[in-house]
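All chains are named by letter (A, B, ...) in the order of the sequence lines, taking the proteins before the strands, and each is independently numbered beginning at 1.
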Protein chains: 2
Amino acid sequence: MKRFKETLQARGLKPTYPRLRILEYLGKHEDHPTVEMIYEGLIRQIPTISKTTIYNTLNAFLEKGIIQAITITGTETRYDLRNLPHHHLLCKRCGKIIDIDIHCPYADQRKIDGHQIEERHGYFKGICRECLKKRGKR
Amino acid sequence: MKRFKETLQARGLKPTYPRLRILEYLGKHEDHPTVEMIYEGLIRQIPTISKTTIYNTLNAFLEKGIIQAITITGTETRYDLRNLPHHHLLCKRCGKIIDIDIHCPYADQRKIDGHQIEERHGYFKGICRECLKKRGKR
DNA sequence: TTTCGTGCAAAGCATTTGCAAGTAG
DNA sequence: CTACTTGCAAATGCTTTGCACGAAA
C-alpha cells in the first residue's frame, strides 16, 4: 500500500483513495481485468466509485507508464500492472488471458527493417492448459 | 477476379457483386484497411453498398479463413488478405500499419507451457522508416 | 484560492441485430 | 421456389466528454 502511494507520487499523481484502490486491485488480480471487472470488484468497498473514475485513472496510469493496456479481443481493453514485456494467450474456451513467458529474440532489438521499435506485443489464441484437461484435446 | 470467384465458391459463399468487390479491394489495398476505408473506397463504384454489408462480408470471410483481422489500436479492426503469419508495425506518427516479415521461433510451435496454440499474433509500435526520414530520429 | 480529482449524464463510435425487400441458383 | 444476401434503422456496448461539485495544497 505504501509502495503504491510512492509509485503515484513519483509520477506526479496525487495518491487519492480511488487511485490507490485501483492500483491495489491490479496488484491482486493479475488476470488482466477489464474496466467492468475492476468496477465490480471495487463497488462493494467504494459504493460511490464510478466507471468514469476508473477510466480516468487507468488512462492516467497508462500515460505515466504505470500499467500496460492489452488489446486482444477487440471488444474491450484489459489492463496489466506488469511492465516487463511478456506474451499472452487468449483462451478461446474460457476467455481467460494468461501470461506466457517466452524469450523473443526481437525483444531487445531497437530497429527492424529500418523502423524504430518502441513497443513489442505478442499474443496467441488457442486453448489453455486447464481447458484442455477438462474437455480433451479437440 | 476469376480467382476471387473461385475462392468464394470453394468456401461455400455465393460470389455476389459486393463480396467480389470487397475481396478485390483487399487484394489491391494491402495497407490493412478499416471498414471505413473499404466503404469510402467502394461507395463511388457501388453507390448502394452499406457498411452493414461490409461488416457482414468481412465476418463471413473471417469465418471461412479467407482474411485475417488485426487488432492493434483497440478502436478499430483492420483487415488483411494475407494469410501467412507475419508481424505488423503500427507507426505512432502516421498511423500506418506495415508488414514486418521476421521469422519467429514460436511460429511453428503447437504447444507452449501445455497450452494449445492456434493463432500467433505479433506487432510492434514505433516510428516507421518513412517518418524517421522526414522528421529525424526523435 | 487555485488546481486537480470525482462522478453523473450525455455524447461518440465501431459493431451488431432485427427485419423487410431483393436476388442467386 | 427456397435459402441466402442486402441494407436501412435501431440497438448495443465500450469509452470519452462536458460539466458541476468537492477535496487537496
Taking only side-chain nitrogens and oxygens of A:Thr77, does any of them come within less than 4.0 Å of OP1 or OP2 of D:dT15? yes
Under a 4.0 Å heavy-atom cut-off, which of residues 53-64 of chain B touch DNA chain C? B:Tyr55, B:Asn59
Let me know the distance between CG of B:Leu13 and P of D:dA3, rounded to the nearest Å. 18 Å
A:Phe61 and side chain to side chain contact (heavy atoms under 4.5 Å, CB included): which single residue from A:Asn56, A:Thr7, A:Ile67 fits? A:Ile67
Is it true that A:Glu24 and A:Lys28 have a side-chain N and a carboxylate O under 4.0 angstrom from each other? yes
Contact check, side chains of A:Leu90 and B:Glu119, non-hydrogen atoms, under 4.5 Å: no
Would a 4.5 Å heavy-atom cut-off, applied to side chains only, mark B:Glu118 and A:Lys92 as touching? yes
Rounded to the nearest Å, what distance is computed from the CG atom of residue B:Leu20 to the P atom of nucleotide D:dT6? 10 Å
Taking for each residue the nucleotide of DNA chain C with the nearest heavy atom, is it B:Gln9 or B:Arg78 whose nucleotide lies nearer the 5' end? B:Arg78
Rounded to the Å, how far apart are A:Arg21 CZ and C:dG7 P? 13 Å
5'-most by nearest nucleotide on DNA chain C - A:Thr16 or B:Glu36: A:Thr16
Run the side-chain donor-acceptor check on residues 94-105 of chain B: report pairs under 3.5 Å with partners two or more places apart or on a different chain.
{"from": "B:Asp99", "atom 1": "OD1", "to": "B:His32", "atom 2": "NE2", "distance (Å)": "2.9"}
{"from": "B:Asp99", "atom 1": "OD1", "to": "B:His86", "atom 2": "NE2", "distance (Å)": "3.0"}
{"from": "B:Asp99", "atom 1": "OD1", "to": "B:His88", "atom 2": "NE2", "distance (Å)": "3.3"}
{"from": "B:Asp99", "atom 1": "OD2", "to": "B:Arg82", "atom 2": "NH1", "distance (Å)": "3.2"}
{"from": "B:Asp101", "atom 1": "OD1", "to": "B:Arg82", "atom 2": "NH2", "distance (Å)": "3.4"}

Got a salt bridge between A:Glu63 and A:Arg11, using NZ or NE/NH1/NH2 to carboxylate O under 4.0 Å? no
Rounded to the Å, how far apart are B:Lys14 NZ and D:dT5 C1'? 7 Å
Using atom names, set out every protein N or O paired with an N or O of nucleotides 8-11 of chain D below 3.5 Å, distance rounded to 0.1 Å.
{"from": "D:dA9", "atom 1": "N6", "to": "B:Thr52", "atom 2": "OG1", "distance (Å)": "3.4"}

What I'd like to find out is whether the side chain of B:Leu26 reaches to under 4.5 Å of the side chain of B:Ile66, using heavy atoms alone. no
Could you state the OH-P distance from A:Tyr17 to C:dG7, rounded to the nearest angstrom? 11 Å
Going by heavy atoms in the side chains, are B:Glu40 and B:Thr34 under 4.5 Å from each other? no
Have B:Arg21 and B:Tyr17 got a donor and an acceptor in their side chains that come within less than 3.5 Å? yes
A:Leu8 CG to D:dA25 P: how many Å, rounded? 13 Å
Please state how far atom OH in B:Tyr39 lies from atom P in D:dG7, giving the value in whole angstrom units. 10 Å
